[in-house]
Structure formats: C-alpha cells, structure tokens
Trainee: 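Shown below is the structure under consideration.
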Amino acid sequence: MNVFEELNGRGHEQVVFCSDPKAGLNAIIAIHNTSLGPALGGARMWTYANTEEALRDVLRLSRGMTYKAAIAGLNLGGGKAVIIGDPNKEKTEELFRTYGRFVEGLGGRYITAEDVGTTVREMEWVRMETKYVTGISRALGGSGDPSPVTALGVFVGMKACCKEVFGNDSLAGKTVIVQGAGNVASYLCSHLAGERSKIVVTDIFEAKARKLAKSVKATYVKPERIYSVRGDVFAPCALGGILNDETIPQLKVRIVAGGANNQLLDEKKHMGMLMERGILYAPDYAINAGGLMNVANELEGYQEERALKQAEGIYDILHAIFALAKKENIPTSVAANKLAEARIESVARIKQIYAGKSEFAGRLGERSRGGR
Ligand code: NAD
C-alpha cells in the first residue's frame, strides 16, 4: 500500500502511528478533516489481521465521521482510531492510559470516544490522561448511552421519509419492520408503539426479540424472514452491509430508514438497486447522527434536552437531502454527500477569508507602527 497516495486520495490531513511495546499498544489515529472543528470519532479495538487492514479501516471510518459531523451541522471534523488487539483479552489500564497520552499529544485536534470493542470503562482510563475524550458515563458528567438520542433521530427521520413518499409524516397504522432488538431498536420501537405503528421485529437472539415484541405489542419473525415481510418501512438496526444483492430483491417496502451504520454493502451498486425498485433510502450516516450529536453535546457540558432537540432536527436534514436528490435527479446517498461537502467547503472558505483578513490587518498594523 502506498500510504501517501492513499491519504491524498481520500483527503486525510494526518495519520499518527502510536506504539508502546511495554504497554502492548499498537494504534493508529486518523484525522480526516478539521475544517469544521476538531476531529471526533471512536476508538475501535479489533484483532486486525495486519497493519494494512487496520490502516484501511481507520482511513475509511475517519472519512465517514467527517461526513456525519458535517451533515449533522456540528462544529466537528472527522477522525477515528483503531487499537490493534483482542478486546476480550488485551484490555489493560496501562494500554488505555498510554493511548490517552497519544491523544493528549495531538493537543485537541482529535477527540476520542468509545466504539466497537471499547466501552465507557476504558474511556474513563483514557480520561485520566487527556481531556480530549467523550462518551463517558453520566456519573462523571458525560453523555452516557447515546441510543435514546440515536433512536429519536431515526424515528423523526422515518417520519420525514413518510412525508416524502406518502405525503404526510404520520407513522400511525404503518408497518415498520425492525431488524435487531438491541439498544437503538428498543428505543425506536417505543416511539413507534407510541404512534400506534404496526411493528415487526427480529434478532439473532430470539428471546431478546420476543421480549421486545411483547413489550411493544410487535410481531416476531425469524431473522432470515425479515427482508420479505410486506410493509411500509424497513429499519435496519443491527448490522452493516445488509442491503445487498440477496436482500434488496426480497424487500416489499417503500422506505429503508434505520440506525445501522454502513447499510449499503456497495454504496453505488446497491443504492442503484434500491432506486430501481422505487424504494426511498434514508442515508444511514444522516439518519443515525443522533449518537454523534449526543457525544458532541458533552463538549459543551452535557444537557440531554439539548441533545434530543438537535436529534429532532434530523427531520429537516433528511428533507433537505430528498429535496436536493429530486432537484438534481441524483441518489439520496449522493445528495447527502454533496450537502456535507458543500458545508465543509463553505466553512473552509470563510476560515480562509478571515485568516487572510487578519493577516492583512496584521501587515497593516506593522506598517502603521513602522510609520510612526
Ligand atoms: P446493539 O448491539 O445493542 O444491537 C444490535 C442487535 O442486533 C443485537 O441485539 C444483535 O443480536 C442483533 N443482530 C446482530 N446481527 C443480526 C442479524 N443478522 N439479524 C438480526 N439481528 C441481528 O447495538 P445498537 O447500539 O442498538 O446499534 C445498532 C446499530 O446502530 C449498529 O449498526 C450501530 O453501529 C448503529 N449505531 C448505533 C448508535 C447508538 O447510539 N447506539 C449510533 C449510531 C449508529
């Protein structure tokens, strides 16, 4: 892999390799873009097969965070970290405090958080070494579990989809098919039950799905049957890559709107397949941005009410994406990318203008001082 070609190609600003053999730390921090603010993104701990695989993952994920923060209207850039190791065997205080010192060394250009393979407990070790960490527990002044805020964003985003497809945003009487019965899905189902939607739910853990189904009066189906249930909305709230060659032809819905990350296995191809079938797709990183809004709030002193209010704004964000997609006759995924890029470019331009002005003002100051 030609590292610089890879970085230039995706537009990354900085990649930091962190190594401390005594602490057992091998990590990579990628800062994709800081035009809008410091790069925020979780630290993923995973048993990568080799360094190249880890590097590719961190480059891909950090870029995704830039787009998510931008579309969400946050003053944040995109970054991510990967810690190479087995999250079930290799987590120690020493390792995470060492990682925290590397984060501190970046002076606030990167703010870390929990992610796959890391939890609030490890972020509390990181916090012993740096203030540039979010997603810590409520007890320590953090934002705690982001799922309720993510789920609210998905719920209002789903309403925006209904408005687009059916002409009104009510979910009453609509059949919503939910894949996964985890944190986001559970809070989402409570909102849907409150709106008197008909809910169908599944999970690979049948007991978990049946428990959720009972609490919200939903129907349980087996995981492999979830794609072919006839309804209005399919809400992926489990895994990535589940919109693919096999699943898309089975769908009998008008809308796909859910909380899972990276839903399209191949962004271009599978977005095209959804469009051919006349299914409206809510771009995942826009509709599930509530979780990022939640941790971003921590930076200003966490207030749940403010985070929930921000997540309600996802309704308008999706509306803007659909309007652009229609105007330019482009896929909704492309429209979301365009809106995110336009915001980054406009803010970068403003910053340049002001930097230029202050430089100019500085030169004027020099001249006037010299003249006296
Ligand atoms: P979770 O682990 O609580 O729930 C996921 C559930 O999906 C689990 O119950 C799991 O058993 C189930 N599952 C896994 N594979 C499945 C399959 N093939 N079929 C059916 N069910 C399956 O996770 P979560 O926090 O609810 O997050 C769900 C998704 O949303 C993830 O993709 C996550 O990355 C994304 N997301 C979550 C948040 C958040 O705030 N938690 C924010 C943004 C995005």
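Everything quoted here is computed from the prediction, not taken from an experiment. Counting starts at 1 for both ligands and their atoms, following the listed order.
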Trainee: Identify, by atom number and element, the atoms of ligand 1 in contact range of Lys208, meaning under 4.0 Å from any of its heavy atoms.
Mentor: 8 (C), 9 (O)
Trainee: Judged on heavy-atom distance to atom 3 (O) of ligand 1, which of Thr150, Asn183, Val116, Ile226 sits nearest?
Mentor: Asn183
Trainee: Check Lys159, Lys326, His319 against Glu164 for a side chain to side chain donor-acceptor pair (under 3.5 Å) and give me the one that passes.
Mentor: Lys326
Trainee: With atoms numbered from 1 as shown, which atoms in ligand 1 lie under 4.0 angstrom from a non-hydrogen atom of Pro146?
Mentor: 40 (O)
Trainee: As a test of the contact definition, would atom 7 (O) of ligand 1 count as having a protein heavy-atom neighbour under 4.0 Å?
Mentor: yes
Trainee: Please tell me if atom 13 (N) of ligand 1 is touched by the protein, where touching means a protein heavy-atom distance below 4.0 Å.
Mentor: yes
Trainee: Could Glu345 and Arg349 be called an ion pair, given the rule that one side-chain N must be under 4.0 Å from one carboxylate O?
Mentor: no
Trainee: Is it true that atom CZ of Arg121 has more than 12 heavy atoms of other residues, nucleotides or ligands lying nearer than 6.0 Å?
Mentor: yes
Trainee: Measure from atom 19 (N) of ligand 1 to every heavy atom in Val184, Val295, Ile204 and give the option owning the shortest one.
Mentor: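 Minimum heavy-atom distance to atom 19 (N) of ligand 1 goes to Ile204.
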Trainee: Which is closest to atom 11 (O) of ligand 1 by heavy-atom distance: Asp203, Asp115, Val178?
Mentor: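 Minimum heavy-atom distance to atom 11 (O) of ligand 1 goes to Asp203.
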Trainee: For Phe205, counting its heavy atoms only, list the atoms of ligand 1 lying under 4.0 Å from any of them.
Mentor: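 Checking each atom against Phe205, I get 11 (O).
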Trainee: Mark the output for Ser147 as yes if a heavy-atom distance to ligand 1 is under 4.0 Å, and as no if none is.
Mentor: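 Yes, that is the case, since the closest heavy atom of the residue is under 4.0 Å from the ligand.
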Trainee: What is the minimum heavy-atom distance between Thr247 and Ile242, and which atoms define it?
Mentor: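 Looking at all heavy atoms of both residues, the closest pair is OG1-O, 2.6 Å.
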Trainee: Looking at Asn168, I want to see if its CG is surrounded by more than 12 non-hydrogen atoms of other residues, nucleotides or ligands under 6.0 Å.
Mentor: yes
Trainee: Please report which non-hydrogen protein atom sits nearest to atom 5 (C) of ligand 1, along with the residue it belongs to and the distance in Å to one decimal place.
Mentor: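 Here the closest protein heavy atom is Cys237 O, 4.0 Å.
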Trainee: Is the positively charged end of Lys174 above the ring of Phe166, judged by distance under 6.0 angstrom from the centroid and angle within 45° of the axis?
Mentor: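 Flagged: Lys174 positioned over aromatic ring of Phe166.
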Trainee: Which of the numbered atoms in ligand 1 are under 4.0 angstrom from any heavy atom belonging to Leu239?
Mentor: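 Checking each atom against Leu239, I get 15 (N), 18 (N).
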Trainee: Check this for me: Lys198, atom NZ, are more than 12 non-hydrogen atoms of other residues, nucleotides or ligands nearer than 6.0 Å?
Mentor: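 At most 12 heavy atoms, drawn from other residues, nucleotides or ligands, come within 6.0 Å of this atom.
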Trainee: Starting from atom 43 (C) of ligand 1, what is the nearest protein heavy atom, named by residue and atom, and what distance separates them?
Mentor: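 Here the closest protein heavy atom is Asn288 O, 3.7 Å.
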Trainee: Do NZ/NE/NH1/NH2 and the carboxylate oxygens of Lys269 and Asp245 come within less than 4.0 Å?
Mentor: yes
Trainee: Do the charged groups of Glu312 and Lys309 touch, with an N to O distance under 4.0 Å?
Mentor: yes
Trainee: Nearest to atom 34 (O) of ligand 1, what protein heavy atom do you find, and at what distance?
Mentor: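 Going atom by atom, the protein heavy atom closest to atom 34 (O) of ligand 1 ends up being Asn261 ND2, 3.0 Å.
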Trainee: Starting from atom 4 (O) of ligand 1, which protein heavy atom do you reach first, and at what distance in Å?
Mentor: Gly182 CA, 3.2 Å
Trainee: Considering the heavy atoms of Gly259, write down every atom of ligand 1 situated less than 4.0 Å from one of them.
Mentor: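 Matching atoms, with element in brackets: 30 (O), 35 (C), 36 (N), 44 (C).
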Trainee: How close does the nearest protein non-hydrogen atom get to atom 31 (C) of ligand 1, and which residue and atom is it?
Mentor: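 Closest protein heavy atom to atom 31 (C) of ligand 1: Ala238 O, 3.3 Å.
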Trainee: Going by an N to O cut-off under 4.0 Å, is there a salt bridge joining Arg44 and Asp115?
Mentor: yes
